[in-house]
Amino acid sequence: MHDHDLQKHLLGRHLLSNELPFSMDAVQNAPFVEIEQGVVKKSGFFYCNRCGNDQPFLFAGFDCARCKKFCHYCRNCIMMGRVSECSKLVSFPRREKEEKHSIQSDQTNFLQWDGELSPAQKRASDRVTESVLQRTDCLIWAVCGAGKTEVLFAGINTALQKGLFVCIAAPRTDVVLELGPRLKNVFPSIDVAVLYGGSEDRLKLSPITISTTHQLLRYKEAFDVVILDEVDAFPYSVDSALQFAVEKARKRNSSLIYLTATPSSSIKRHFKPSEIAKIPARYHGYPLPVPEFKWCGNWKKRLEKGKLPKNIITWAAEHLQKERQAFLFVPEIKVLHDVVPLLKKLNSAVEGVHAEDPQRKEKVRAFRNGRIPIIVTTTILERGVTVPGTDAAVLGAEETIFTESALVQISGRVGRSMNNPTGSVIFFHYGKTNEMIAAKHHILAMNREAAKEDLLKR
């Protein structure tokens with residue numbers, strides 16, 4: 001195989017040598033290809049060159065059949081294939097003068113979308129385009145349902161015209177799976193790669209790449225524009241390896257665009273006011289649904305007795321009678337397994353879904369298609385899943401997992417459609433928390449700001 005073929009296969013990737021369809025002799029003789037040891041020692045401590053891990057407790061050793069030594073490996077990114085002291089990581093980073101993708105054309109409009117942006121969306125769209133052209137960073141702070149994806153279209157189109165490679169990254173697979181069809185639909189002539197665990201597109205480098213942040217560990221200096229959706233979401237917000245992966249995957253001279261409805265204080269401090277575009281209203285001009293607090297007593301004790309709080313049963317029965325779909329968020333998988341059988345007594349079509357559910361994708365698809373009337377879920381569906389005409393409720397809203405950010409996002413599942421712009425959000429609780437109150441205040445503040453800017457329908 002020629003050096004050009006090898007470089008083309010490696011371009012922008014950061015892979016283990018055993019992931020390549022080439023011999024190490026071919027790799028070592030190819031010009032400009034970089035080879036580094038997978039795990040090295042820095043100042044006496046182990047360091048993983050793939051994920052940036054330097055925590056001693058996240059390394060382990062074994063008697064290695066390959067190097068015939070006691071070899072240390074990184075446990076932090078083991079799910080991507082084992083990286084050890086004798087592993088070789090191979091990369092061919094895209095240089096500043098590296099060839100652009102073959103579709104570039106300043107005269108071509110790759111975007112096939114006839115929608116219109118609101119004035120607030122247009123301001124944010126212009127901010128994204130400017131970041132793409134100037135290779136600068138920015139924050140798009142937009143309420144849930146503001147139409148963040150549509151705000152990206154013009155900037156992505158500009159990047160494609162310039163021959164740039166664009167990556168849209170999100171912490172959760174559900175978000176990636178929803179974004180894939182939408183981007184393929186509006187950029188029909190562009191190859192769009194969708195990367196997640198088990199994806200057929202893994203290892204591809206396309207003009208548009210939509211990826212979980214985990215999969216970016218396989219890339220190095222690949223993308224000219226990285227758009228990070230739901231930057232405050234778990235696990236990205238607490239995982240330094242995923243933050244390292246994003247920085248490693250972007251070119252040195254590149255744009256990083258943050259998208260979120262609930263930026264943390266540290267994210268807001270990172271940007272100057274001129275680098276932030278705020279969208280306080282939804283694209284359809286209706287206010288955000290304000291959550292209602294309802295006390296439901298000691299729901300844990302009732303579940304131990306095989307019962308649900310009476311107002312939860314009433315809420316579910318009313319939705320089933322009206323044939324209006326709803327999310328019911330619960331704090332953990334054990335609670336989900338207790339709640340689902342009790343609600344199935346009201347309607348056998350009720351289902352539950354959580355991160356380890358092998359039928360997760362199928363259940364979410366069935367809920368979208370209207371075949372599941374109420375879906376009981378953990379916080380995995382707090383973001384990225386849009387189903388028109390749904391309401392939402394939280395059981396145990398006082399639990400610590402329901403932070404201000406999570407509760408704002410859960411409220412944002414409701415009223416997202418132009419045809420169904422309103423709906424109800426109820427926090428069933430056994431005692432109000434500061435996080436619940438902060439979430440309600442956050443939503444009310446955004447509605448006030450949208451009204452002040454005359455962005456709401458009269």
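Computation of the quantities below employed the complete heavy-atom set of this structure, encompassing side-chain atoms and omitting hydrogens, waters and symmetry-equivalent molecules.
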### Task
Could you note down all residue pairs passing ring-ring contact (aromatic ring centres under 6.0 Å, His included) where residues 363-392 supplies at least one of them, sequence neighbours left out?
Phe327-Phe367
### Query
Can you tell me how far the OG1 atom of Thr377 sits from the NE2 atom of His354, to the nearest 0.5 Å?
9.5 Å
### Task
Measure the CG-CG distance between Asn76 and Leu58 for me, rounded to the nearest 0.5 Å.
5.0 Å
### Query
Which pair of heavy atoms, one from Ile190 and one from Pro207, lies closest together, and at what distance?
CG2-CB, 3.8 Å
### Query
Who passes ring-ring contact (aromatic ring centres under 6.0 Å, His included) against Tyr286, sequence neighbours left out?
His284
### Summary
salt bridge (charged side-chain N to carboxylate O under 4.0 Å, His left out) pairs touching residues 274-291, sequence neighbours excluded, are Lys278-Glu449
### Query
For Phe427, what residues pass the ring-ring contact (aromatic ring centres under 6.0 Å, His included) criterion, not counting sequence neighbours?
Phe293
### Query
Hey, are Arg182 and Glu150 close enough for a salt bridge, meaning a charged N less than 4.0 Å from a carboxylate O?
yes
### Message
Checking Glu116 against Lys122 for the salt bridge (charged side-chain N to carboxylate O under 4.0 Å, His left out) test, could you report, in this order, the C-alpha distance in whole Å, the side-chain angles of both residues, the deciding distance, and whether it holds?
### Response
CA-CA 9 Å; Glu116 292 186 12; Lys122 183 64 168 60; over 6 Å; no
### Task
Tell me, yes or no, whether the heavy-atom count around Asn369 atom CG, taken from other residues, nucleotides or ligands under 6.0 Å, exceeds 12.
yes
### Message
If the condition is side chain to side chain contact (heavy atoms under 4.5 Å, CB included), which residues does Phe223 pass it with, not counting sequence neighbours?
### Response
Phe165, Cys167, Leu205, Thr209, Leu216, Tyr219, Val226, Ala249
### Atom NZ of Lys204 with >12 non-hydrogen neighbours under 6.0 angstrom
yes
### Query
Which pairs with one or both residues in residues 394-407 pass side-chain hydrogen bond (donor to acceptor under 3.5 Å, both in side chains), sequence neighbours excluded?
Asp232-Ser405, Thr262-Ser405, Trp299-Glu398, Lys300-Glu399, Arg383-Ser405, Glu404-His442
### Query
Rounded to the nearest 0.5 Å, how far apart are CZ of Phe329 and CD1 of Ile401?
11.0 Å
### side-chain hydrogen bond (donor to acceptor under 3.5 Å, both in side chains) partners for His319, two or more places apart
Asp391
### Summary
Contacts of His72 meeting ring-ring contact (aromatic ring centres under 6.0 Å, His included) (sequence neighbours excluded), chain-then-number -> Phe46, Phe70
## Note on the structure
Taken in chain and number order and not counting sequence neighbours, the residues that satisfy side chain to side chain contact (heavy atoms under 4.5 Å, CB included) with Ser91 are His14, Glu34, Pro93, Lys220
Output a table of donor-acceptor pairs, distance under 3.5 Å, between side-chain atoms of residues 266-274 and any protein atom two or more places apart or on a different chain; print 'none' if there are none.
{"residue": "Ser266", "atom": "OG", "partner": "Ser264", "partner atom": "OG", "Å": "3.0"}

### Task
Please determine if Arg250 and Asp137 form a salt bridge, counting it only when a charged side-chain N lies under 4.0 Å from a carboxylate O.
yes
### Query
Between Glu221 and Lys248, does at least one N-O distance fall below 4.0 Å, as a salt bridge requires?
no
### Message
Determine whether Arg416 and Thr386 satisfy the following criterion, side-chain hydrogen bond (donor to acceptor under 3.5 Å, both in side chains), listing intermediate values before the conclusion.
### Response
CA-CA 7 Å; Arg416 297 170 71 95; Thr386 299; 3.1 Å; yes
### Task
Would you check if Leu256 and Val246 make a side-chain contact, meaning some heavy-atom pair closer than 4.5 Å?
yes
### Message
Quick check on the 6.0 Å ring-centre criterion: do Tyr73 and Phe62 meet it?
### Response
yes
### Task
For Thr314, enumerate each residue passing the side chain to side chain contact (heavy atoms under 4.5 Å, CB included) test, keeping only those at least two apart in sequence or located in another chain.
Glu318
#### Entry: For the student: nearest non-hydrogen atoms of Leu16 and Ser87, plus distance
CD2-CB, 3.9 Å
### Summary
Residues passing the ring-ring contact (aromatic ring centres under 6.0 Å, His included) test with Phe153, sequence neighbours excluded, are Trp113
